2 protein chains.
Amino acid sequence: MPKIGMEPLRRKALIDAAVLAIGERGSLDVTMSEIATRAGVSAALAHHYFGGKNDLLEATMRHILRELGRDSVAALAGVSDPLGRVSAVIAVNFAHSQFRRETIAAWLAFYVEAQRSAPMRRLLRVYTRRLHSNLMSGLRELLPEREAERTAEGIAALIDGLYIRRALVDGAADAASAVALVDDYLETRLTRETART
Amino acid sequence: MPKIGMEPLRRKALIDAAVLAIGERGSLDVTMSEIATRAGVSAALAHHYFGGKNDLLEATMRHILRELGRDSVAALAGVSDPLGRVSAVIAVNFAHSQFRRETIAAWLAFYVEAQRSAPMRRLLRVYTRRLHSNLMSGLRELLPEREAERTAEGIAALIDGLYIRRALVDGAADAASAVALVDDYLETRLTRETART
DNA sequence: TATTATTGATTGACCAATCAATCAAGAAAA
DNA sequence: TTTTCTTGATTGATTGGTCAATCAATAATA
């Protein structure tokens with residue numbers, strides 16, 4: 001059976017299985033057996049490739065973040081006008097893929113882990129910085145530095161808050177209205193600034 | 001040892017102990033023994049009074065929500081001018097008590113549970129509605145209905161988003177700057193509206 | 001080519017630890 | 001005595017992790 005280079009295949013299968021399991025349980029409270037069985041291998045093999053449960057879960061989180069990163073660069077590619085860039089960033093964070101059960105579960109579990117796990121907190125900071133940077137790439141050309149920073153902070157918070165509310169409280173995730181609200185916020189900040197001159 | 005009416009005392013002690021344990025673990029992943037020991041009783045007694053682990057945790061969440069409710073009415077009491085009411089609501093949600101380790105842990109665990117537990121989701125909706133209602137109590141007199149609703153939604157999302165960011169990402173929870181940002185949002189919405197007439 | 005290491009891949013069986021829940025029985029109060 | 005209160009002991013189930021052993025393919029050797 002052992003062909004060549006099983007490792008990358010198995011790692012991917014295990015991470016995919018972990019994402020599925022997390023999405024189903026709604027938290028990181030999943031067993032190695034469940035993940036391994038889902039990936040079609042034994043629990044022992046999961047340990048063999050990842051060392052321990054924590055390492056597997058950490059790799060899984062990293063994988064999810066990487067996906068969001070890919071989506072972000074894709075959304076920004078080719079959009080050169082500043083306002084379009086900001087809108088693109090907002091849209092990506094409310095994209096369909098972000099409202100899958102697994103993604104929501106992973107994000108919430110992510111927050112929980114970040115409280116006590118330094119590596120997870122580092123990962124969370126990566127997301128934060130990237131979002132900020134992406135927003136600033138457009139805002140910098142629309143507002144003075146100080147004002148741009150503040151607007152980026154507001155938009156980022158608005159995104160996080162609306163995401164949780166749409167994902168948990170409101171029924172069907174109404175991404176459109178969320179995007180509209182954030183866009184409205186952006187527009188207001190812009191008009192206020194130009195009116196000030 | 002058994003005096004009269006031990007039940008309310010034990011319930012309170014157990015809930016308090018649960019809050020502490022949750023705050024320490026950072027999640028609902030706490031054992032009945034740990035909670036019971038902390039409360040100075042046996043694990044069996046915790047089962048006797050609450051039935052099961054789930055019931056105890058649910059009661060604990062309800063208790064935390066009730067605390068925030070009390071703080072809110074206290075903050076609103078006596079404040080009659082509309083703008084002051086809105087500001088008061090904003091301030092309460094960033095009050096010192098909300099940034100205690102236990103409170104943060106409870107809220108995040110709350111979100112996680114709300115994904116799969118209908119009772120928890122109901123509790124979350126209680127919080128949402130109350131916040132909305134409290135905000136509207138001031139906004140209604142400052143803006144036309146539609147605009148007030150929208151502003152309340154924005155403020156609420158901003159509060160939730162900033163709360164998580166201040167609690168998890170940024171270092172020391174900088175409540176002051178968060179309040180300033182939300183207040184700024186409110187002010188902008190108001191001036192925009194009056195300028196429109 | 002045939003034979004013999006060598007290595008990566010994989011697993012079943014097992015272990016020690018942990019936990020929620022139950023229960024029978026003891027201690028104290030009414 | 002009856003009721004309320006309380007616990008220690010126990011159980012049944014689960015879990016993360018370890019380990020020795022197997023299997024398949026490849027490389028080396030004769």
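Below, read A as the first sequence line, B as the second, and so on, with proteins coming before strands; counting in each chain starts at 1. All values reported here derive from a predicted model rather than from experimental measurement.
- For the 3.5 Å distance criterion, the side chains of B:S117 and B:R122 fail to qualify, holding no donor opposite an acceptor.
- Nearest nucleotide to the side chain of B:Y49, out of D:dC5, C:dG12, D:dG17: D:dC5.
- Picking from D:dT7, C:dA20, D:dT6 the nucleotide with the shortest atom distance to the side chain of B:R10 gives D:dT6.
- Going from atom CD1 of B:I35 over to atom P of C:dA21 covers 11 Å, rounded to whole Å.
- Counting only residues at least two apart or in different chains, side-chain hydrogen bond (donor to acceptor under 3.5 Å, both in side chains) contacts with residues 15-30 of chain B comprise B:K12-B:D16, B:E24-B:R38, B:R25-B:E34.
- In this structure, the NE2 atom of A:H47 is 15 Å from the P atom of C:dG12, given to the nearest Å.
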- Given the rule in the ring pair (Phe, Tyr, Trp, His ring centres under 6.0 Å) test, do A:Y111 and B:Y111 qualify, once you have shown the distances and angles that lead to the verdict? CA-CA 10 Å; A:Y111 286 140; B:Y111 286 141; 8.4 Å; no
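- Nearest nucleotide to the side chain of B:A44, out of D:dC5, D:dG8, C:dT11: D:dG8.
- The shortest distance between side-chain heavy atoms of B:Y163 and B:N93 does not fall below 4.5 Å.
- In this structure, the ring of A:F99 has its center no less than 6.0 angstrom from the ring center of A:W107.
- Between B:H48 atom NE2 and C:dC23 atom C1' there is a gap of 13 Å when expressed in whole angstrom units.
- A straight line from CZ of A:F50 to C1' of D:dT18 spans 19 Å, rounded to a whole angstrom.
- Each of D:dG8, C:dT10, C:dA20 was ranked by its minimum atom distance to the side chain of A:M6; first place goes to C:dT10.
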Polar-atom pairs under 3.5 Å, protein N or O versus N or O of nucleotides 13-15 of chain D: list them with distances, or write none.
none

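- The shortest side-chain heavy-atom distance between A:L68 and A:V92 falls under the 4.5 Å cut-off.
- Rounded to an integer number of Å, the gap from A:L45 CG to D:dT22 C1' is 14 Å.
- Across the protein-nucleic acid pair, A:N54 atom CG and D:dG16 atom C1' stand 11 Å apart, rounded to whole Å.
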